[in-house]
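Single-structure report; data block below.
Below, each value reflects all heavy atoms present in this structure, side chains not excepted, and no hydrogens, waters or symmetry copies. Residues take their numbers from the sequence shown, with the count starting at 1.
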Amino acid sequence: MDVLKISCIVIGIILLLLDINAYVRQRLADEIGLLIGSFSIFLIIMGIILHFHMDIGLVITLLIICFCFLLLIIFSLCTAVSVLIMKNRELAMQVSLLNQENERIIHETGIMAGAEGKYNRDI
């Protein structure tokens with residue numbers, strides 16, 4: 001019974017430390033970092049408050065180990081997705097800036113004299 005409580009607390013603390021580390025290094029998006037942090041705090045509180053009424057056997061120990069590996073896999077996937085989200089945002093900003101610069105250059109050079117009226121009507 002104590003093994004399950006201690007393992008919940010340890011898993012929660014490790015997950016919280018990994019979450020804070022990834023968030024500080026900007027490898028984790030705000031929303032995903034908050035979700036994982038909340039879940040790790042939930043695990044810590046569950047380990048402290050709740051009382052488990054079951055006999056700890058080999059099956060429960062294996063389930064705890066599988067749960068730890070599952071959490072680590074989910075965490076690594078979340079960091080990968082967060083990095084891709086951040087890169088996508090950065091690329092969208094760069095495309096927007098390039099489009100704006102392209103329109104400015106076209107307007108300055110007057111290459112598209114026929115299309116200039118079209119741009120003025122849209123604005």
Exercise. If two hydrophobic side chains count as joined below 4.5 Å and joins carry through other members, does Val10 share a cluster with Ile44?
Worked result: no

Problem set entry | Distance in Å, Leu35 CG paired with Ser40 OG, rounded so as to fall on 0.5 Å steps | 10.0 Å

Seminar exercise, completed: When rounded to the nearest 0.5 Å, the distance separating CG of Leu16 from CD1 of Ile41 is 5.5 Å

For this session: Identify the two heavy atoms, one from Arg27 and one from Val83, that lie closest to each other, and give their separation to 0.1 Å.
Result: O-CG2, 3.8 Å

Exercise. Would the number of heavy atoms belonging to other residues, nucleotides or ligands and lying under 6.0 Å from CD of Gln94 be above 12?
Worked result: yes

For this session: To the nearest 0.5 angstrom, please state how far the OH atom of Tyr23 sits from the OG1 atom of Thr79.
Result: 15.5 Å

Exercise. How long is the gap from CD1 on Ile32 to OG on Ser82, to the nearest 0.5 Å?
Worked result: 3.5 Å

Exercise. Which pair of heavy atoms, one from Leu28 and one from Gly33, lies closest together, and at what distance?
Worked result: CD2-CA, 3.6 Å

Exercise. Got Ile74 and Ile36 here, is their nearest side-chain heavy-atom distance under 4.5 Å?
Worked result: no

For this session: Just jot down the side-chain contact (heavy atoms from CB on, under 4.5 Å) partners of Leu84, sequence neighbours excluded, or say none.
Result: none

Exercise. Same cluster for Ile6 and Ile13 if Ile/Leu/Val/Met/Phe/Trp/Tyr side chains link at under 4.5 Å?
Worked result: no

Exercise. More than 12 non-hydrogen atoms from neighbouring residues, nucleotides or ligands closer than 6.0 Å to CZ on Arg104, yes or no?
Worked result: yes

Exercise. In Å, rounded to the nearest 0.5 Å, how long is the span from CD1 of Ile105 to CD of Gln100?
Worked result: 11.0 Å

For this session: Establish whether Ile49 and Ile9 are linked, either directly or via other cluster members, by ILVMFWY side-chain heavy-atom contacts under 4.5 Å.
Result: yes

Exercise. Taking C-beta and beyond as the side chain, do Leu43 and Leu71 meet within less than 4.5 Å on heavy atoms?
Worked result: yes

Exercise. Are Met46 and Phe67 co-members of a hydrophobic cluster defined by side-chain heavy atoms under 4.5 Å apart?
Worked result: yes

Exercise. Are Ile14 and Phe42 co-members of a hydrophobic cluster defined by side-chain heavy atoms under 4.5 Å apart?
Worked result: yes

Exercise. Within a strict 4.5 Å, meaning less than it, do heavy atoms of the Leu34 and Asp30 side chains meet?
Worked result: no

Problem set entry | Minimum side-chain heavy-atom gap Asp19-Leu15 below 4.5 Å | no

Exercise. Roughly how far apart are Cys78 SG and Ile85 CD1, rounded to 0.5 Å?
Worked result: 9.5 Å

